[in-house]
Number of protein chains: 2
Amino acid sequence: MPESPDARSAADPARLRQAIESDVIRAEGGVRRALAAAVREAVRSGRLTPGTRLPSSRRLADDLGLARNTVANAYGDLVAEGWLTARGGSGTLVTDSVITRPAPGRSAAEPSGDTCYDLIPGSPDLTAFPRAAWLKATRRALAAAPDAAFGYGDPRGRPELRAALADHLAGARGVYTSPEHILICAGVSHGLRILSEVLAGRRARSVAVESYGPDRHRGLLAAVGLETLPLSFDPHGTDPVPPQGTDAVLLTPAHQFPLGTTLQRDRRTAVVDWARRTGGLVLDDDYDGEFQFDHRSVGALQALAPDSVVYLGTASKTLVPGLRLAWMALPPALAEEAVAAKGQIDTCEVLSQLTMAEFITSGAYGRHVRAARRRYRDRRESLVAALTQHAPHVHVTGTAAGLHTVLGLPPGYEQQVVQSATRRGLKVAGLSRYRHAQSPHVMGDALVVGYGTPSDAAWPQALSALMGILS
Amino acid sequence: MPESPDARSAADPARLRQAIESDVIRAEGGVRRALAAAVREAVRSGRLTPGTRLPSSRRLADDLGLARNTVANAYGDLVAEGWLTARGGSGTLVTDSVITRPAPGRSAAEPSGDTCYDLIPGSPDLTAFPRAAWLKATRRALAAAPDAAFGYGDPRGRPELRAALADHLAGARGVYTSPEHILICAGVSHGLRILSEVLAGRRARSVAVESYGPDRHRGLLAAVGLETLPLSFDPHGTDPVPPQGTDAVLLTPAHQFPLGTTLQRDRRTAVVDWARRTGGLVLDDDYDGEFQFDHRSVGALQALAPDSVVYLGTASKTLVPGLRLAWMALPPALAEEAVAAKGQIDTCEVLSQLTMAEFITSGAYGRHVRAARRRYRDRRESLVAALTQHAPHVHVTGTAAGLHTVLGLPPGYEQQVVQSATRRGLKVAGLSRYRHAQSPHVMGDALVVGYGTPSDAAWPQALSALMGILS
């Protein structure tokens, strides 16, 4: 999207008022809802660009002649939905990764700013989706599928896929489960929504989360009224044992997002012991567990306590997000509630499930993951090498794994680097945007660089553009 | 866990080899992963009990004919995961705190698939899904799709599909909309859940529904706290104008489910006037609108008042439910809220959307729908003919349309017929099961016969089985 010069500074209240006033008057369903809708629309249309700081709720309330609570509540709604990010000290910003609607005439789903390099973490290289192999698997799946597969199905998902996943996950990630305890869902967010409803149904009140993590996951928990408590951490990583009375813990044990640390073995056993002792639940978000580059490959935490840990995996990183395929390995005692929370029928598209099952059992998935692992390992190594040469003052932290890494910056440089990168058509994320507002810790300035997103062709330019900003 | 006498001594390499060899050979993703997985499984199953000392990596490597590093690395992985404990001098032991549990069975069978004839309404003939044509459309869609299509997408759904639907629905159902006001969802239930959340967010309290209808739809509305008020009806069909203060009306105007009546013209205008007058919302559930058999085809109610009526359509009847593809044409003023209720990203699988767009624009969808219309019309006619001959006392009600019809029975016969049918392996639904508990009306005894569900091959037997019960 074209960046107006002032896009990164605080939004001018006059412009903002102009952008939303008519909507506020026109819209139905209360001023709070209308204000939220208007800001949403301003973000979608690009009138408020990602990273823009919004006026304080007090200031905007004065400007619009609204009650301050109304504005604060509307902001709260938008944070929970992921449109805005609440940044303790520095106010409320438009979320960097938010999907904006392109200008009229352009197709609605293509992200804006095609010409710039996107290093925001969270997406794999979309150009590497193995279309031919996927089509071949689709042909086989269509030929083999029983007619009944195309009807209203078991809410757990297709048995072919659950069986293939039970085997694959046992070998690849050490997950201990069986097909009847696997629940297919339309992405990890869908899985977390299901688990949130189960926890809320059990009258749970609080879920401990990592001090740095995806705002959207915290929002999903908050949406059903669960309090998210930030876990403390030290140089060795997160201390996963939550405070007394916590109902569940959401962790990324294999590769902490975004910090990139791996949960140490004594802490793995400690959190599992906590769960066994208190009956608490551990959510093992293994979002990129198949991408570990060094000699060590740490398996899923779930295997240590299948009765206390929910394993969450996804095809959004190993293949592409568009498949909307993710899976949970559920503790047997939780399975019935989770399936009921998903619904009476399977809401996930059947043919992609059958195709994924064929893709896995034929070995095509394993081959694709190994090739992707090499691709991303090479990118990470070229990034490290480039930094050593061009920006020795920038240090890489985190284990060699996944689709992103953290680059530590000299104090006070984070916002400046993010802004100058954006001005030069390079989308990067500052570490601070991932911080839980109540976190006792504040990490030093850093960038979270997603090296998985660009195509192989674009990566060298993206890398040198990044070096141009860091050196 | 019973301790075998030698549990505390070193594990016999022969037994261990036997336990893991096949896994090592079979498993995919590298010998090291497989070895780790096999040892994990041996610990879980109790073949290796807590405290057992493992052979040195050198000895096991010799035994299995593996490189020593491979074994050492696998041991290292398992130590990091907490399965094993490295005791400098005394070697590597199975961690004492590890809790083992026998593996549960691995049956993920279909929900009880018996061989009887299914005449429960709601499902099309699954054997008629055009697999070859769908594969062809998938190939084209995969070849044409931009890379960005496989990323996190616009929550409204793929633009290709929304554009194709806007055109198709205008021609086939007279729907008046534009691509940006179409919202793709994973079935009509998903659409109704989204609309329920929007209504609840607007502080709506009650939704009027037809006195006879799907229990599941009433349940979706009730789930967010909306009261469902049964509409009255007379021999001419439903009176769609709801009581004072109702926030919305859910109707099946083209072909009432299950009664099969068509909403009369004056009543169509009456409910639209109500909506315009009160600001209420009309939900036009056009679940089988493309299957009208007689010369005239009643278009969508939505076209009368696109600003007050939500149109809901689905591929679950024209193609198959397993595609989880449905669509809503939204009043512009409702679009923003509905999109937000769906989420920040598209939760619907992308490839099936692209394939459906290709299927529609290539004309394959139109051909398939026309063929299906002929199939179901023929089945209905054969049903009517068979009744005239074998059960003249049973009268068919409702217009010639859709996948089901209602058979009026002599008073007091409904339960008896349903039960004797079930005993003879014929699944049929009594009309009473669709009645709203608070409905002021009680229809006479009747069967709702879904003639769409059996295959072409099974239909004749299903029909004669039904006659055997009715005559």
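The sequence lines fix the lettering, A, B, ..., with proteins before strands; numbering per chain opens at 1.
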B/D77/A/R265 salt bridge by N-O under 4.0 Å criterion: no
Does any heavy atom of chain A fall under 4.5 Å from the side chain of B/A143, the backbone, both, or neither of them? backbone
For the residue pair B/V350 and A/R324, establish whether any side-chain heavy-atom pair is separated by less than 4.5 Å. no
How would you list, by chain and number, every residue that makes a salt bridge (Lys or Arg N to Asp or Glu O under 4.0 Å) with A/R193, sequence neighbours excluded? none
Below 4.5 Å, heavy atoms only, C-beta onward: do A/E349 and B/L325 meet side chain to side chain? no
Atom group of B/R139 that falls short of 4.5 Å from chain A, counting heavy atoms: both
With a 4.5 angstrom heavy-atom cut-off, which part of A/F150 approaches chain B: side chain, backbone, both or neither? both
In terms of heavy-atom proximity below 4.5 Å to chain B, should A/Q353 be classed as side chain, backbone, both, or neither? neither
Need one label for A/D346: side chain, backbone, both or neither, based on atoms under 4.5 Å from any heavy atom in chain B. backbone
Minimum heavy-atom separation for B/L142 and A/R131, please, with both atom names. O-NH1, 2.6 Å
Are B/H190 and A/T347 packed together at the side-chain level, in the sense that at least one heavy-atom pair is separated by less than 4.5 angstrom? no
B/S352 portion near chain A, given a 4.5 angstrom heavy-atom threshold: side chain
Taking atom CH2 of B/W134 and atom CG of A/L351, what is their separation to the nearest 0.5 Å? 8.5 Å
Could you report the tightest heavy-atom contact between A/A148 and B/L126, atom names first, then the distance? CA-CD1, 3.9 Å
Sequence neighbours excluded, which residues qualify as salt bridge (Lys or Arg N to Asp or Glu O under 4.0 Å) partners of A/R140? A/E358
